[in-house]
Amino acid sequence: MLHIKQTIEELKSYQPERTSKPDHHDFWSQTLSEAKKKPLRAKLTDLNYPIKQITAYELTYHGFDETPIHAHYILPKEHNEKLPCLLFFHGYSMSKHSVSNYMQWLIQGYAVIAVDCRGQGKSGDFSSYTSDSLGTWVTKGILDKEEYYYRKVYTDGVRAIDFACSRPEIDPDRIGVIGGSMGGGITLAVAALDDRPKLAIADMPNMCDIPLAIEQKFEGSLTFVEKFLHQYPEHIELVYENLTYFDNLNLSESITCKTRISQGLKDLICPPMPAFGVYNLITAPKSMEIYPFTAHDMSMVEHVDKTIEFVNENL
């Protein structure tokens, strides 16, 4: 136990320096302003899902560009008041999965928006990328911050909040964002870029303290950044500079909502120190769930139950 306690104390004391460029805030302000000018074009299609106690829709909306982003939009069938809403973002190369995955929230009276990130699940990606040699999302457009994949994904997440706030059945003051791994990174970014969420829950988030994460990880999406830089070593400085705009180390200073991060100390995909670096710099109300013998997985019964309790207490 002494070793575990010492490790946790070292992680809690890690205070990285932010690496944001002078135009960081202007870059994101312009990005979101441009997106807001475009029509959301939200469309709902009844899914006729076989669980009788809910109403489920296939939602499509336009995020950063003309790409239709697909999502589940699920409501309790019986509700008399405006509903709190949870927005879910999934992990890298995964999807929103089945409507049935969200029943623990529906039976408690939450609305759910579960997003398929662009290029994954049922969502396409109409964007063109001048740098796409590896054919994987994390390196798409990585040589130009205006083109980069995560610029679009983060904005798509903010536009999902736009949809939620447009619905008369949703309480705009009770919106939470939640996700794990890539979805955890998106959760933190969306909470930083938009002040409407009241709650952010990020499990083992990626896109945190990216240079350190690249150095410490053994698996996962950031290995493709290494492969890209192995092929194109002349672009190392440019890539690292571009990634500062999408690093939650720099975005997190804008988080104002209550935030919970969870982290396994055995995680080889999203190692603990980068996540702690971001967590330690967040000034909003926050908490951290630490699991000394957990890797890249937060499916443990204890953690699931803690998450349900945390949401119920704070949303």
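No experiment lies behind these values; they were computed from the predicted model shown. For reference, positions follow the sequence shown, starting with 1.
Rounded to the nearest 0.5 Å, atoms CD (Gln216) and CG (Leu222) are 11.5 Å apart. Atoms OH and OG, on Tyr61 and Ser123 in that order, are 7.5 Å from each other to the nearest 0.5 Å. Between the CD1 atom of Ile236 and the CG atom of Leu229 there is a distance of 5.5 Å, given to the nearest 0.5 Å. In this structure, the separation between OG1 on Thr19 and CD1 on Ile210 is 8.0 Å, given to the nearest 0.5 Å. We find the CG-SG distance between Asp171 and Cys85 to be 10.0 Å, quoted to the nearest 0.5 Å. Residue Met207 holds its CE atom at 11.5 Å from OG of Ser181, rounded to the nearest 0.5 Å.
Between Ser254 and His25 the shortest heavy-atom distance is OG-CE1, 4.0 Å. When every heavy atom of His296 is checked against every heavy atom of Cys270, the shortest pair comes out as CE1-SG, 3.5 Å. Heavy-atom minimum distance, Leu75 versus Ala111: CD2-CB, 3.5 Å. Taking both residues in full, the closest heavy atoms of Thr244 and Asn250 are given as O-ND2, 2.8 Å, listed atom of the first, atom of the second, then distance. Pro272 approaches Leu11 most closely through the heavy-atom pair CB-CD1, 4.1 Å. Annotation for Val112 and Leu106: closest pair CG2-CD2, 3.6 Å, computed over non-hydrogen atoms.
Taking the six-membered ring for Trp and the full ring otherwise, Phe228 and Tyr232 have centroids separated by under 6.0 Å.
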**OP:** Assess whether salt bridge (charged side-chain N to carboxylate O under 4.0 Å, His left out) is satisfied between Arg167 and Asp162, documenting all intermediate values.
**Re:** CA-CA 9 Å; Arg167 299 297 303 176; Asp162 290 343; over 6 Å; no

**OP:** Take Met1 and His3 through the side-chain contact (heavy atoms from CB on, under 4.5 Å) test and state the conclusion after the steps.
**Re:** CA-CA 5 Å; Met1 279 300 297; His3 172 69; over 6 Å; no

**OP:** Mind running side-chain contact (heavy atoms from CB on, under 4.5 Å) on His303 and Ser262 for me, showing each step along the way?
**Re:** CA-CA 9 Å; His303 182 68; Ser262 63; 3.4 Å; yes

**OP:** List the steps and the verdict of side-chain contact (heavy atoms from CB on, under 4.5 Å) for His97 and His90.
**Re:** CA-CA 9 Å; His97 295 300; His90 60 76; 5.8 Å; no

Original post:
Between His72 and Tyr57, does a ring-ring contact (aromatic ring centres under 6.0 Å, His included) hold up when you go through it step by step?
Top reply: CA-CA 6 Å; His72 293 318; Tyr57 300 96; over 10 Å; no

**OP:** Take Arg260 and Thr307 through the test side-chain contact (heavy atoms from CB on, under 4.5 Å) and record every step on the way to the result.
**Re:** CA-CA 9 Å; Arg260 193 196 73 177; Thr307 300; 2.8 Å; yes

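Of the possible donor and acceptor atoms, one in the side chain of Asn248 sits under 3.5 Å from a partner among the backbone N and O of Ala189. Although no hydrogens or angles enter the test, the distance criterion places no donor-acceptor pair under 3.5 Å between the side chain of Lys227 and the main chain of Thr223. A donor-acceptor pair under 3.5 Å is absent between the side-chain atoms of Thr45 and the main chain of Lys43, judged by distance alone. Within the 3.5 Å criterion, the main-chain N or O of Val190 finds no donor-acceptor partner in the side chain of Asp194. The main-chain N or O of Ser29 is never found under 3.5 Å from a side-chain atom of Ser33 such that the two would form a donor-acceptor pair. Listed for the Thr187 side chain is no donor-acceptor partner under 3.5 Å among the backbone atoms of Ala202. Judged purely by atom type and a 3.5 angstrom limit, Gln263 has no side-chain atom pairing as donor or acceptor with the backbone of Ala275.
In the hydrophobic clustering of ILVMFWY residues, with side-chain heavy atoms under 4.5 Å counting as a link, Met288 and Leu251 come out apart. No continuous path of hydrophobic side-chain contacts links Ile107 to Ile54 [ILVMFWY only; heavy atoms under 4.5 Å]. Leu199 and Val115 fall into different hydrophobic clusters, defined by Ile, Leu, Val, Met, Phe, Trp and Tyr side-chain heavy atoms under 4.5 Å apart, directly or through other members. Ile201 and Val278 fall into different hydrophobic clusters, defined by Ile, Leu, Val, Met, Phe, Trp and Tyr side-chain heavy atoms under 4.5 Å apart, directly or through other members. Note on Tyr240: it does not cluster hydrophobically with Met273, by side-chain heavy-atom contacts below 4.5 Å among ILVMFWY residues.
A salt bridge links Lys306 with Glu289: the distance from a Lys NZ or Arg NE/NH1/NH2 to an Asp or Glu carboxylate oxygen falls below 4.0 Å. Salt bridge status for Asp23 with Lys21: absent, with no side-chain N to carboxylate O gap under 4.0 Å. Ion pairing between a basic and an acidic side chain is recognised when a charged N comes within 4.0 Å of a carboxylate O; Glu241 and Lys145 show no such pairing. With respect to Lys217 and Asp267, no salt bridge is recorded, no charged nitrogen being found less than 4.0 Å from a carboxylate O.
Residues Pro292 and Leu265 form a side-chain contact, since some pair of their non-hydrogen atoms from C-beta on lies under 4.5 Å apart. Side-chain contact between Ser20 and Leu249 is absent, with no heavy-atom pair separated by less than 4.5 Å. Taking the side chain as every heavy atom from C-beta outward, Met103 and Ile51 approach each other to under 4.5 Å. Side-chain contact between Pro205 and Ile261 is present, with heavy atoms from C-beta onward closer than 4.5 Å. At a threshold of 4.5 Å between non-hydrogen side-chain atoms, the residues Ile178 and Leu87 do not count as touching. No side-chain heavy atom of Glu58 sits under 4.5 Å from any side-chain heavy atom of Leu44. For the pair Leu86 and Leu315, the minimum side-chain heavy-atom distance is below 4.5 Å. Looking at Ile69 and His62, their side chains never come closer than 4.5 Å, going by heavy atoms from C-beta outward.
Paired with Asp65 under the rule salt bridge (Lys or Arg N to Asp or Glu O under 4.0 Å), one option of Arg118, Arg151, Lys152, Arg159 passes, and it is Arg118. Test Tyr148, Phe224, Tyr92 against Trp137 for ring-ring contact (aromatic ring centres under 6.0 Å, His included) and you get one pass: Tyr92.
The aromatic rings of Phe246 and Trp28 stand perpendicular to each other, their planes meeting at an angle above 60°, with 30° marking the opposite boundary. Using cut-offs of 30° and 60° on the angle between ring planes, the pair Phe276 and Tyr279 is perpendicular. The aromatic rings of Tyr73 and Phe163 lie perpendicular to each other, with more than 60° between the two planes, well past the 30° mark.
Arg41 and Thr60 share no side-chain donor-acceptor pair at under 3.5 Å. A donor atom on one side chain and an acceptor atom on the other are not found under 3.5 Å apart for Gln120 and Ser93.
Within a 6.0 Å sphere centred on NZ of Lys36, other residues, nucleotides and ligands contribute more than 12 heavy atoms. By the neighbour-count criterion of 12 heavy atoms within 6.0 Å, atom CD of Glu78 is sparsely surrounded, having that number or fewer from other residues, nucleotides or ligands. The environment of CD in Glu237 is sparse: at most 12 heavy-atom neighbours from other residues, nucleotides or ligands sit within 6.0 Å. For NZ of Lys77, the number of neighbouring non-hydrogen atoms (other residues, nucleotides, ligands) closer than 6.0 Å is greater than 12.
Here side chain to side chain donor-acceptor pair (under 3.5 Å) pairs that include residues 101-117, with residues two or more places apart or in two chains, are Lys96-Asp116, Gln108-Asn312, Tyr110-Asn312.
Relative to the six-membered ring of Phe64, Lys38 meets both conditions, a distance below 6.0 Å and an angle of at most 45° to the axis.
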